[in-house]
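Computed from heavy atoms alone, side chains included, the values below leave out hydrogens, waters and symmetry copies. Below, chains carry the letters A, B, ... as their sequence lines are ordered, and counting in each starts from 1.
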Amino acid sequence: MPQENDQQNYPQKKEKHEARRDFLKQSSAMMALALTPPLVMKAAQHDEAIAGIFEKMPLSLEINGKKVQLSVEPRVTLLDLLREQLQLTGTKKGCDHGQCGACTVHVNGQRINSCLTLAVMQEGKKITTIEGIANGDQLHPVQEAFIKHDGFQCGYCTPGQIMSAVACIREGHAGSPTEIREFMSGNICRCGAYDNIVNAIMDVKQGGTAV
Amino acid sequence: MNQFSYIRPASLKAAIDAVAKDNSARFIAGGTNLLDLMKSGVTTPEKLVDINRLPLKEIQVNGATLHIGALALNSELAAHDTVKSQYPLLSQALLAGASQQLRNMATVGGNMMQRTRCSYFYDTTMPCNKRNPNSGCGAIGGINRMHAIFGASDSCIAVHPSDMCVALAALDATVLVTGPKGSRRIPFHDFHRLPGNTPQLDNNLGKGELITGVEIPANDYTKYVYYLKVRDRASYAFALVSVAAALDIHNNEIRSARLAMGGVAHKPWRLYEAEKALTGKAPTEENFRYAANIAIQSAKTYPHNAFKTGLSLNSIQTALLKAATV
């Protein structure tokens, strides 16, 4: 069974009630191992990777420049891994069905919805979240522009908007307000800050700063 | 989401074996539809077979044929130079679908395997013959504004949600599949099914068969093409109706035409009769209107989607006009 050696690079708060949760997790994983049929064990010799029901499998990722070794159940989405195991709660869970864009992160430089992919499917990939784009205390140019142009109201969609905006500019899809609106359409803002978001992206694009 | 086991096979054979031998196993590629369905409890596979490490990503030109690997991403395909120059209808259709985030995840094979977005299919408390055979259809007699006007049955009036597939239907693509009994080629028109009395089957894939790629023959539809998508908001929504229009025009004469629609049937809907009506004609508004009228003759509507007939008529005409006036 894979050892729990994850979260070494991230602070992890353990509340009292979590001790019980850990016990349940461990005992259910042991139960799953005991119940794993021999056929699955045999298949493991031929397959690149395998995990039984309830069984955690090892996962290597690079998150915001740090390499991490984790062990994860197959059904954990990348979003839930980031928020619940790594405490990277900047990435938001909005709809959890790929309809709002609040969970947008970069995987190997490409923006995706982290709610609709399994963490184990990202083995070996480089993940960048909203926590990883500033340079120390110096905000990313797109973050600066969102503040300057008031590109948010409640702020819940903002991490996803900013991750999407950075990718939109890098892709070369920020040539005009119309193009920006089309290529930012996967990020919904219920406060309706769209005009200011478009202005922020146009400002960064026209400023010519590398993003 | 239900619990499941997970394997990531290193070979095509291992992947196919894993699904062929296990009724509760499913392939997963991008996962953008499957995980959504699993979260809603619509699909509850006990094993996921991750095919993302299989060598099925390449997009290449083989002689006169464009070969697209099943794992090519929708965003990669839309931005591919050959696709943009030689198959612009496909590029336009891809960019009309979903968002850039989803296109960066969704694969070509997965796009074809998308299930309907009918709200009764998604709502596990409602009857649905597609989700639960012989339980009835919630949409017939329910809210059916988004539903089919062509080829539906008394069992199911759901529509296929893809934009990419509408272009592939228009371009006479061929689907390449491999299964436990070997490989075969399926003409795109025969890949998806009409609902009939087995709406639980979206397509004609056999047990354990995996899409490995799609081929599109060279064609003359490189200039006069247009993909028109009409939806409830300007972007990032499923089609009410969509039209893929492609014309081969020489000396003010249409030598051949291709027309297909999305959002109107259980499969991408080719308008063969309308295509024939355009052949040899001049690309005029009147001729386009005439062809569009032919296309909607077989429409059958339901209480909330009667507007789709007129919308289809106008959309076909508009798509043809836009295609002809590039």
- Turns out that what part of A/I188 lies under 4.5 Å from chain B's heavy atoms comes down to side chain
- Donor-acceptor pair, side chain of A/R75 and main chain of B/M1, under 3.5 angstrom: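 Confirmed, A/R75 side chain pairs with B/M1 backbone.
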- Message: Closer than 3.5 angstrom, by distance alone: can the side chain of B/N104 be matched with the main-chain N or O of A/R111 as a donor-acceptor pair?
- Response: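 Here the side-chain-to-backbone pair exists.
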- A/V120 and B/Y6: side chain to side chain contact (heavy atoms under 4.5 Å, CB included), yes or no, with the steps? CA-CA 9 Å; A/V120 293; B/Y6 170 89; 3.6 Å; yes
- Task: Measure the spacing between CG of B/D36 and CG of A/D96 and express it to the nearest 0.5 Å.
- Result: 9.0 Å
- Query: How many angstroms lie between atom CG of B/L102 and atom CD1 of A/I112, to the nearest 0.5 angstrom?
  - Reply: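 Interatomic distance, B/L102 CG to A/I112 CD1, rounded to 0.5 Å: 9.5 Å.
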- Item | Partner chain A: residue of B/S235, B/G31, B/S99 with the largest heavy-atom pair count (under 4.5 Å) |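 It is B/S235.
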- Item | Polar side chain donor-acceptor pair, B/Q101 to A/N187, under 3.5 angstrom | yes
- Query: Can you find a side-chain donor-acceptor pair between B/Q100 and A/E182 that sits under 3.5 Å?
  - Reply: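 No, because no side-chain N or O of B/Q100 sits under 3.5 Å from a partner of the opposite role on A/E182.
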Tell me, yes or no, whether the heavy-atom count around [X] atom [atom1], taken from other residues, nucleotides or ligands under 6.0 Å, exceeds 12.
X: A/K125; atom1: NZ; result: yes
X: B/K207; atom1: NZ; result: yes
X: B/K39; atom1: NZ; result: yes

Where does [X] contact chain A at under 4.5 Å (heavy atoms): side chain, backbone, both or neither?
X: B/N33; result: neither
X: B/L34; result: neither
X: B/A96; result: neither
X: B/D50; result: side chain

- Query: When you look at A/L118 and B/F4, which way does the side chain to side chain contact (heavy atoms under 4.5 Å, CB included) test go after all the steps?
  - Reply: CA-CA 12 Å; A/L118 300 173; B/F4 53 85; 3.9 Å; yes
